[in-house]
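The next block holds one structure in the form of structure tokens; read it before the comments.
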Amino acid sequence: VDNNDTKGVIPPGSPDNIACDRFKVSSDTVVTEVGGEAVLLNLKDGTYYGLRQTGVFIWRMLEEGADAISITEAIVGRYGLAEPEAERDVQAFLASLLGRGLIEQADLAGSG
Amino acid sequence: MKFARPPEVFSFPVRELSDWSIETSMCPPERPLVGAALPRDDRGPVRVWKPERDSSPFFLQFADLIGASIDTGRKSVRLWPLDKSLSRNTVEHFLYDHVAPRLLAEGGPLVLHAAAVDIQGLLVALLGPSGAGKSTLSAGFQKQGCSVLGDDALSVRFQPGEHFGSSLYPSLRLLPDSVSHLFPGGNFTSIAQYSIKRDVREAISHGWERPPTRVSAIFFLEPPGETGRITVRDMGGAEACIGLVENSFALDPTNVFRAQERLRCAAALTNAARIYAIAYPRDYAFLAEVCQRIIKEVISHQITKQEAGFCG
């Protein structure tokens, strides 16, 4: 999975311990789709990030509340990647989004 | 300190800003620089200070030559000369190329830092950082029989089904080297006292009073490649959209509401126009070929679009 960042590559984050977490899009993130790709705007610092097709696919799953495991399974099924490779790339991508404040870990305790 | 010269009268060359008033102060400001300095962009030596309170004016300073307080509520600009030797063309350059695009962007349209040429009734925008060659390429189009609409700021508005663009005024500013190659023997004044660029607008076909023109294609000018050849590539949607936003004017780039509006407008334009990146040797011998390559891309796409419409 390409991390699909056109505004300076998002450095891989620490993928540890996020496999089972659920995420939500930060309230400070604005997303706009353009020609099958997407642009994310972080309102906190005014930085723009680009997502190509794979990134858009993952982003839509995040918006639906998917966790890293289900995203990895979907990536394996859709793009035919080996599972270890897909798992590593998805976790690194999610960690990068987290590090940039574009997504947040959902508060499972408060969700009932 | 007071300046001996009486204040001169200035106005914006943009119809949408005709209700703004411009006053000139006789003396330098005592303490204009309050508030937070906003990030500097690459469009010349301009700094913008954001007011401490929403009701206070912005302050723009152009090098050590002139400042302006901008009251968006009252739609007024107060010019503050900071240098006794300030020339009229420097004030106009500051107002036309730095103040006006920022004010216009506050009102809603996407205002791009772009040159624009008219190719057979279609507007083609040329984007790139300062020094990328937008003005020289525009002058090259003039030599190919196309009209130069402007070389600095392009206002883009969405109308049902299409985007229409207007240059703020018919500018064309060239470095002396470009003048000597493209307009040999021409005697042109400098655009401002800090710059060696020449104002050659009188040499171009004027497109100022023409109605907004449909935006057909946008070309981002990239640095020359190692191959020494002309290369054109389609830009992806995200790359193109971010490029448009980064090349747009804003009075306050930190205003999140305006940032979302710029992104929305840039995305709509990305989805509507053909957007390319072009790299070419910065050699006058290639200029005509570069123009012809762009004309070919624009016209061939237009023919394809018409055929598709006919068959559909």
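Chain A is the first sequence line, chain B the second, and so forth, proteins listed ahead of strands; every chain is numbered from 1.
Smallest separation of non-hydrogen atoms from A/Glu37 and B/Glu239: OE1-N, 4.3 Å. Between A/Tyr48 and B/Ile242, the closest heavy-atom pair is CB-CG1, 4.0 Å. Here the shortest heavy-atom pairing between B/Ala238 and A/Val34 reads N-CG2, 3.7 Å. For the pair B/Asn271 and A/Gly35, the tightest heavy-atom approach, listed with the atom from each and the gap, is OD1-N, 3.0 Å.
Interatomic distance, B/Leu263 CG to A/Leu41 CG, rounded to the nearest 0.5 Å: 6.0 Å.
Residues B/Gln260 and A/Leu43 form a side-chain contact, since some pair of their non-hydrogen atoms from C-beta on lies under 4.5 Å apart.
Counting non-hydrogen atoms of neighbouring residues, nucleotides and ligands closer than 6.0 angstrom, the CZ atom of B/Arg233 exceeds 12 such neighbours.
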